[in-house]
Amino acid sequence: MTLSLAAEEVAGFFAHMLDHEYTTKEVFRNNFFTDWRKEMTLKERMIITDLEKCNFNEMFEFYKNKMEAKRNMSKEEKQKIKEANQKIVEAFGFCLMDQHQERIGNFKIEPPGLFRGRGDHPKQGKLKKRIQPEDVIINCSRDSKIPEPPLGHKWKEVKPDNTVTWLASWTENVQGSCKYIMLNANSKLKGEKDWEKYEVARNLKSHIDAIREKYKQDWKSKQMVARQRAVALYFIDKLALRAGTEKEEGETADTVGCCSLRVEHIKLYPELDGQQHVVEFDFLGKDSIRYYNKVPVKKSVFKNLKLFMENKQNDDDLFDRLNTSLLNKHLNSLMPGLTAKVFRTFNASVTLQQQLKELTDSSANMPEKILSYNRANRAVAVLCNHQRAPPKTFEQSMANLQSKIESRMEQLALAKKELKLAKKEAKKSKDDKLQTVLEKKKKLVQRCEEQLMKLEVQATDREENKQIALGTSKLNYLDPRISVAWCNNMGVPLDKIYNKSQREKFAWAIDMTELDFEF
DNA sequence: CTGAGGACTTAGAAATGAGATG
DNA sequence: CATCTCATTTCTAAGTCCTCAG
């Protein structure tokens, strides 16, 4: 069937994803179909009434072929495209802020497509519409070179607002939320904000003892709000849970954080596996990542939880008197600038520093040191529950690495045998030639051992990292000065820990960190 | 106090690119 | 040189937290 332009484009969005799990989900299909029909002409709408009867295979093939063709392009063609993209970056990827040229983080408008919400998102599959210049607000100073809208178009608005950091914004149609064009993480603006974040977290160090003392006291408070606040804060501190801001029901996937936990998300065991007062957590957090943990808690916490759960239904709030704004007001009174999320930053960075101390040995070799760093990083990722789907090829790549190790082992055994032989020969006669052969064999054994060790460390690291994502904590929770100081103290080149863009993002820390930096 | 909107950080998946391997 | 493999970059959704109006 030949479709109108609008209907064809939206059908294409769906066809493009035909090999993705999304297109098998009922909610996704229904949302897509509803929105697709809105784009159809009356005539099309009369004919196309049932998604099950639509066959997108031809379109799917078309896109597959297109991708195939792209893959098979000649080197020159690929180079040309690369250069063209480079030109676009040069033209649109930068802005001038306070006389300084800065890179923009996301300078391209988000293209139309089907909304890919995470988890059981009620709006998955809805049409995300194309943004027109008429939807976009430009924020730049009056005397600057105001960007030209595309020919024949006008911006929604051009205004100078120096109280915000965004350069352009628009409202997205699926959730009705604002989207922004902002600076790259390596910009001065973002760097200063980042530094401030870690300084607030460091400041918590000198308040944490008093705060912990206080919430333990509050477990016995006469006021229910104070008790709930104290137990919630205990979880946030001990388990690095997120604050848990309330969300509008039915608008997003059903996920929770600390303050929004419901009765159904925890189970109480007076005794479990030989431990007393165990709380079992099982809920979906941000991005619908499951949080599952069994934690022994203090007796009074356990008793409080029991109390909070009394006479409640499964889907009632555990902390029914508490919300994040109440909690944060309290935190702010304990320390200026303190909010729930600061505890995550604080505990993440404290954990890294302490783990690095515990795990690294300055006499270890380079791969071992890096493994130690990754393990410290991993401890933080586990604390913060940063998970990833195991790579689809994980088992295969593990097996490949293992067979590589085995062949190296054989090589090493052979090299050792040859070394032995060379030793014998060299003993017999003092021929210079035999001596050099002996040296060569020694070196070979050494090299084989080194390579084998490297591979083994790599295998350990990869296995331990199967379902764990290190990037998020590295980028957002770990004070970079801890890593910089550690690298300098351990003689580990910084680029073993941070790649190029990470070094750019953390330039402020690389510049200022002293060897004796303590978080 | 509540709810909505706005601005910003944090998040994992997907696309892309660089380097290793045969 | 083609292909495969892994690391990096890009993308944009999904949180946090604040302000403002009523």
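Hydrogens, waters and symmetry mates play no part in the numbers below; they use all other heavy atoms, side chains included. A note on names: the letters A, B, ... follow the listed sequences, proteins ahead of strands, and every chain is numbered from 1.
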Positions of residues 498-510 of chain A (non-hydrogen atom under 4.0 Å from DNA chain C), listed by number: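 When residues 498-510 of chain A is checked for heavy atoms under 4.0 Å from DNA chain C, the hits, listed by number, are A/N499, A/S501.
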
Starting at CG of A/N476 and ending at C1' of C/dA14, how long is that distance when rounded to a whole Å?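 Taking atom C1' of C/dA14 as the reference, CG of A/N476 is at 13 Å.
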
Which part of the nucleic acid, if any, lies within reach of [X] when heavy atoms closer than 4.0 Å are counted: base, sugar-phosphate only, or nothing?
X: A/I289; value: sugar-phosphate
X: A/T324; value: nothing
X: A/K82; value: sugar-phosphate
X: A/G244; value: sugar-phosphate
X: A/R118; value: base
X: A/R71; value: nothing
X: A/T255; value: sugar-phosphate
X: A/Q387; value: sugar-phosphate
X: A/K286; value: base
X: A/K329; value: nothing
X: A/A389; value: sugar-phosphate
X: A/G285; value: sugar-phosphate

[N] phosphate, OP1 or OP2, under 4.0 Å from [X] side-chain N/O:
X: A/K179; N: C/dC11; value: no
X: A/K190; N: B/dT9; value: yes
X: A/H386; N: B/dA11; value: yes
X: A/S325; N: B/dT2; value: no

Mind checking whether A/W36 and A/F32 have parallel, tilted or perpendicular rings, split at 30° and 60°? parallel

Starting the side chain at C-beta, find the nucleotide from C/dA14, C/dC17, C/dC6 nearest to A/T339. C/dC17

Under 4.0 Å between a Lys/Arg side-chain N and an Asp/Glu carboxylate O for A/E504 and A/K500? yes

With a 4.0 Å cut-off on N to O distance, would you call A/E102 and A/K188 a salt bridge? no

Spell out yes or no: do the side chain of A/K193 and the base of B/dT9 have one donor N/O and one acceptor N/O closer than 3.5 Å? no

I'd like to know if the side chain of A/T513 reaches the main chain of A/A509, judged simply by a donor and an acceptor atom lying under 3.5 Å from each other, with no hydrogens or angles considered. yes

